[in-house]
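The structure appears right after this line, and notes come after that.
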Amino acid sequence: MSLNDNRDVTPWEVSESLGEGDYVRIASEFGAGLIDSDLRNRLEKLAGGTNPFLNQGVFFAHRDLNLALDDLESGKGFYLYTGRGPSGKMHLGHLLPFMFTRWLQKSFDVNLIIQITDDEKFLFRDLEWKQLSQVTRDNILDILSLGFDARRTHILIDSINGSTLYRRGVEVARHINVTLSKAVFGFQDSDNVGKFFFTSIQSVPAFLVSSLLGRNIRCLIPHAIDQDPHFKVSRDVLPKLGYLKPSSIISKFLPSLKGGGKMSSSDPNSGIFLDDTPQVVRKKIMKYAFSGGRDTAEEQRKYGANPDIDFSFNVYKLIEDDQVKVSKIREEYSSGSMLSGELKSLVAEKISQVLAELREKREIATEKYDEYLFSEDRLIESFR
Ligand code: TRP
């Protein structure tokens, strides 16, 4: 796939050939820093523990993460902001980053805004409002099944929370011209005008708390690397409005089931969906999951596998709480003492176990749905 201006990554398109080796280059092209061991140690120390997404280098880059940690230490605090464009059923690749956000929320006991950009999908994916409202509710329940703290979590739905977003969105929009939009996002003259405006709406949660409270509180945004262009613009504009630049903690994508790029929701065999039964999970993993193993068992015993490009291993390393076990399996698989079939079978089982737990918690979330929804008063209250 060739993208506008030959980019590998924009918020709306990711090259299928994107590989592990490209991330560091892209982060540096975007101007984001890498999370080095000092910064990671500092984060883990303050969090009082570690997380597979950090250990395994999935959240690998950042902007001003150190400033968010400074604010935490000095007692000023920060809040988290992340989001989801509700386009269809959620698969593991969509959900996994929210696990990391939940860990951050728990570790720091901080407030979290989750923005649901249904307007974005209306503009960029030609989805209609009727479909969008169903998908929105379903996606929110999937996210909530991870067990976010209801008192500290605020779900902001663009099409519903319009008045909060619009009056602040236009404040941002006044500072973004068409030339900048084209340069940052790769838009063409033939793109609809809504696309040009949309980034202003995605900026709002990055200063919403400061705007509502009337004092600056730093925002830390966990997001995948493709969203970086939005927040680059936010960092440029927000100081002009008297707000702090938001900080980011940035992840790689979970590769697609068949390897490369990222999991897509349009192809049912491209990922593991949250409602896949254990039979379907097993079949997808056994049959389609990209393997880092060798062509024959004999060769694998002799040369070993490459776990880093192996879909199953890459999921496993994030959902297995016991990281000692993960290291052991990495070792066995790469040395050739474990074969691809054995790895796949173990991972399929683990995934199904995780999905079953999520389904149970989704039921509970269904009853508590309304408690999580955004209101200006509740947000202000949660900072008291
Ligand atoms: N644009 C994102 C998407 O398509 C959704 C989103 C909105 C988001 N705000 C965010 C993602 C903040 C990460 C962080 O999925």
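Numbers for residues simply follow the sequence, beginning at 1. As the structure lists them, so they are numbered: ligands from 1, and atoms in each ligand from 1.
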Test item: Phe185 and His230 side chains (from C-beta on) under 4.5 Å apart, heavy atoms:
yes
Every residue of the protein that comes under 4.0 Å of ligand 1, judged on heavy atoms:
Tyr81, Thr82, Gly83, Arg84, Gly85, Gln115, Thr117, Glu120, Lys121, Gln202, Ile221, Pro222, His223, Gln227, Phe231
Report the residues that fulfil side-chain hydrogen bond (donor to acceptor under 3.5 Å, both in side chains) with Lys344, sequence neighbours left out, ordered by chain and then residue number.
none
For a salt bridge (charged side-chain N to carboxylate O under 4.0 Å, His left out) check, start with the C-alpha distance between Asp228 and Arg63, then their side-chain angles and the critical distance, and finish with the verdict.
CA-CA 10 Å; Asp228 185 71; Arg63 289 179 188 270; 2.7 Å; yes
Per-pair distances, 0.1 Å, donor-acceptor, side chain in residues 317-328, under 3.5 Å, sequence neighbours excluded:
from, atom 1, to, atom 2, distance (Å)
Lys317, NZ, Asn314, OD1, 2.8
Glu320, OE1, Tyr316, OH, 3.1
Glu320, OE2, Asp322, N, 3.1
Asp322, OD1, Val324, N, 3.1
Asp322, OD1, Lys325, N, 3.2
Gln323, OE1, Gln56, NE2, 2.9
Gln323, NE2, Lys317, O, 3.0
Gln323, NE2, Glu320, O, 3.0
Ser327, OG, Gln323, O, 3.1

Test: ring pair (Phe, Tyr, Trp, His ring centres under 6.0 Å). Region: residues 122-142. Which pairs qualify, not counting sequence neighbours?
Trp12-Phe124, Phe122-Trp129
Please check if the number of heavy atoms outside Lys76 that lie under 6.0 Å from its NZ is greater than 12.
no
